[in-house]
Amino acid sequence: MLKCFNRNFLSASIFIVITATPNLFAQWVNNPNENVIVVTNIFDAENLSAVEDGNGGAFVVWEDTKEAVNKIYFSHFNADGKISLRADGKRVSVAGGPQTSSKIIYGGDGTAVILWRGIVNSGKNEIFIQKAASNGTLLWSERGLQITDSQDEVNDFSIDVTDSADVLVTYIAKEKELTGDYKVMFKQISANGITDTNEVILHKSNNRLGITSVCYDNENGAFVYWLENKEGKAVLMQQHISLNDLSINDKPLLVSDAEKSVANYSVSSFGLSTAYVCWKYEKEENVLHQSLITDMNELLWKSNPKIVEKENYSINDLK
């Protein structure tokens, strides 16, 4: 597992901590327990994350305000711990305006895919995406690809990649009218950066929606999750979409207890056409719940899905 953190109050650098087999990365430094500097010359780095590159190295992405407004940068190091591009990182896009809420995922082909929120000339917030190579080359234009263009307000978003390196994106959109509906949207981008013109509305409701997550089903579809406020409770919902014809099930599935509020959740694929879901309710400090769900929105573990009662255990331990 890769973890990165900011130590700018000491040396204005980003360090990498490797929490894998210690001897695996012993060639990086004399002491395998010592942190390795992978980025220098940062100002106020935040929202740091890292993802492995499929070849023993990793990509690192972060946000910084060293150019007056928030911009997103990335770097790469190989299996020997050597930096592959400039030591202070490279911007994911040359576009002007602030860039925030970055997410990174392994592209499946030795690349990284980065998703973020940016502002277009009209002042609207839109979602952008970039694919980056380990040598720093920006593969989807110097500005990245703008993948949303609507009158709706774009809120939370999520990303996953298929086994053919196609990119799946979901996001929450809110109609601008005071009484406007919320929508869970789905979009697909091919491995070579061709954006599907179809934007699928997976769910539409006057209830407040948030915290979406998309998960490839390892076959030819995707599971999509979101939280929905129903009668004052944040409940966890699921929908499945086929990548063949973009069809969805008749109605979304209520995953969690309708009488409780979900505080956080995590999802991952589980074999073919099955997803593993773990969630935590508010006011249940040391209890996690789980279920397996099929692409037909069928709960395989219907009874007593509680899995953990342990001091100081959190959902982050499953990630």
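Within the 4.5 Å cutoff, the side chain of Leu85 has no heavy atoms near those of the Asn135 side chain. Taking the side chain as every heavy atom from C-beta outward, Glu282 and Lys260 never approach each other to under 4.5 Å. Using a 4.5 Å cut-off on side-chain heavy atoms (C-beta onward), Glu67 and Tyr73 make contact. Under the 4.5 Å side-chain criterion, counting only non-hydrogen atoms from C-beta, Val154 is in contact with Glu126. In this structure the side chain of Tyr106 never reaches within 4.5 angstrom of the side chain of Glu52, judged on heavy atoms. The closest side-chain heavy-atom distance from Ile127 to Lys187 is not below 4.5 Å. Lys131 is listed as a side-chain neighbour of Asp109, based on a closest heavy-atom distance under 4.5 Å. Leu246 places a side-chain heavy atom less than 4.5 Å from the side chain of Asp196.
Under a cut-off of 6.0 angstrom, the local environment of NZ in Lys251 is sparse, with at most 12 non-hydrogen atoms contributed by other residues, nucleotides or ligands. Residue-environment remark: CZ (Phe270) stays at or below the threshold of 12 foreign heavy atoms within 6.0 Å. Atom CZ of Arg91 has more than 12 heavy atoms from other residues, nucleotides or ligands within 6.0 Å.
Under the 4.5 Å side-chain heavy-atom criterion for grouping Ile, Leu, Val, Met, Phe, Trp and Tyr, Phe59 is connected to Val61 within one hydrophobic cluster. Residues Phe157 and Leu145 share a hydrophobic cluster, clusters being chains of Ile/Leu/Val/Met/Phe/Trp/Tyr side chains in contact below 4.5 Å. Under a hydrophobic-cluster definition in which Ile, Leu, Val, Met, Phe, Trp and Tyr are linked whenever side-chain heavy atoms come within less than 4.5 Å, directly or via other members, Leu168 and Ile159 are assigned to different clusters. Residues Ile129 and Met185 fall within the same hydrophobic cluster, defined by Ile, Leu, Val, Met, Phe, Trp and Tyr side chains chained together at heavy-atom separations under 4.5 Å. Cluster annotation: Val235 is connected to Val224 through the hydrophobic network of ILVMFWY side chains, with a link wherever side-chain heavy atoms come within less than 4.5 Å.
Of the possible polar contacts, none joining the Lys283 side chain to the Ser261 backbone as a donor-acceptor pair under 3.5 Å is found. Formation of a donor-acceptor pair under 3.5 Å by the Lys90 side chain with backbone atoms of Ser93 is not found in this model. Ser213 contributes no side-chain N or O that, together with a main-chain N or O of Tyr225, makes up a donor-acceptor pair within less than 3.5 Å. When atom types are taken as modelled, the side chain of Lys71 and the backbone of Gly97 share a donor-acceptor pair closer than 3.5 angstrom. Checking side-chain atoms of Asp166 against main-chain N and O of Ala191 turns up a donor-acceptor pair under 3.5 Å. Between the side chain of Asn249 and the backbone N or O of Asp295 there is at least one donor-acceptor pair closer than 3.5 Å. Side-chain atoms of Arg117 do not come within 3.5 Å of backbone N or O of Pro98 as any donor-acceptor pair. Under the 3.5 Å distance criterion, the side-chain polar atoms of Gln99 are matched with a main-chain donor or acceptor of Ile72. With Asn155 contributing its side chain and Ala173 its backbone, the two residues share no donor-acceptor pair below 3.5 Å. Between the Asn264 side chain and the Lys280 main chain, no donor and acceptor come within less than 3.5 Å of each other.
Under the salt bridge (Lys or Arg N to Asp or Glu O under 4.0 Å) criterion, Asp152 pairs with Lys183, sequence neighbours left out.
For the atom pair Asp217 CG and Leu272 CG, the distance stands at 8.0 Å (nearest 0.5 Å). With rounding to the nearest 0.5 angstrom, the CG atom of Asp44 is 8.5 Å from the CG atom of Asn70. For the atom pair CD1 (Ile211) and CG (Leu236), the distance works out to 10.0 Å, reported to the nearest 0.5 Å. To the nearest 0.5 Å, atoms CG (Leu253) and CD (Glu298) are separated by 10.0 Å. Here Ser269 contributes atom OG and Glu219 contributes atom CD; the two are 12.0 Å apart, rounded to the nearest 0.5 Å. Met296 CE to Thr274 OG1: the interatomic distance, rounded to the nearest 0.5 Å, is 12.0 Å.
Closest heavy-atom contact between Ile172 and Gly210: CG1-CA, 4.2 Å. Nearest approach of Ile147 to Thr195, heavy atoms of both residues: CG2-OG1, 4.2 Å. Taking both residues in full, the closest heavy atoms of Val267 and Cys215 are given as CG2-CB, 4.1 Å, listed atom of the first, atom of the second, then distance. Closest of all the heavy-atom pairs between Phe186 and Ala222 is CE1-CB, 4.5 Å. Of all heavy-atom pairs spanning Ser158 and Thr212, the tightest one is CB-O, 3.4 Å. The two residues Thr65 and Phe43 have their closest heavy-atom pair at OG1-CD2, 3.4 Å.
Using bins of under 30°, 30° to 60° and over 60° for the plane-to-plane angle, the ring pair Phe128/Trp116 lands in the parallel bin. Relative orientation of the Phe223 and His240 rings is perpendicular, given thresholds of 30° and 60° on the angle between their planes. Using bins of under 30°, 30° to 60° and over 60° for the plane-to-plane angle, the ring pair Trp226/His203 lands in the parallel bin.
Side-chain polar atoms of Ser164 and Thr162 form a donor-acceptor pair below 3.5 angstrom. Of the N and O atoms on the side chains of Gln238 and Asn297, at least one donor lies less than 3.5 Å from an acceptor on the other residue. Side-chain contact annotation: Ser134 with Asp53, donor-acceptor N/O pair under 3.5 Å absent. One side chain, Asn47 or Ser102, offers a donor N or O that lies under 3.5 Å from an acceptor on the other. For the 3.5 Å distance criterion, the side chains of Tyr216 and Asp163 qualify, holding a donor opposite an acceptor. Using a 3.5 Å distance cut-off with no hydrogens or angles, the side chains of Asn207 and Glu228 do pair a donor with an acceptor.
Tyr182 pairs with exactly one of Arg208, Glu175, Lys204 by the side chain to side chain donor-acceptor pair (under 3.5 Å) rule, that one being Arg208.
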Output, in order, the C-alpha distance, side-chain angles, deciding distance and verdict of side chain to side chain donor-acceptor pair (under 3.5 Å) for Asn78 and Asp80.
-> CA-CA 5 Å; Asn78 64 20; Asp80 295 322; 4.7 Å; no
May I have the step-by-step check of side-chain contact (heavy atoms from CB on, under 4.5 Å) for Glu199 and Thr148, ending in yes or no?
-> CA-CA 9 Å; Glu199 282 189 301; Thr148 61; 4.2 Å; yes
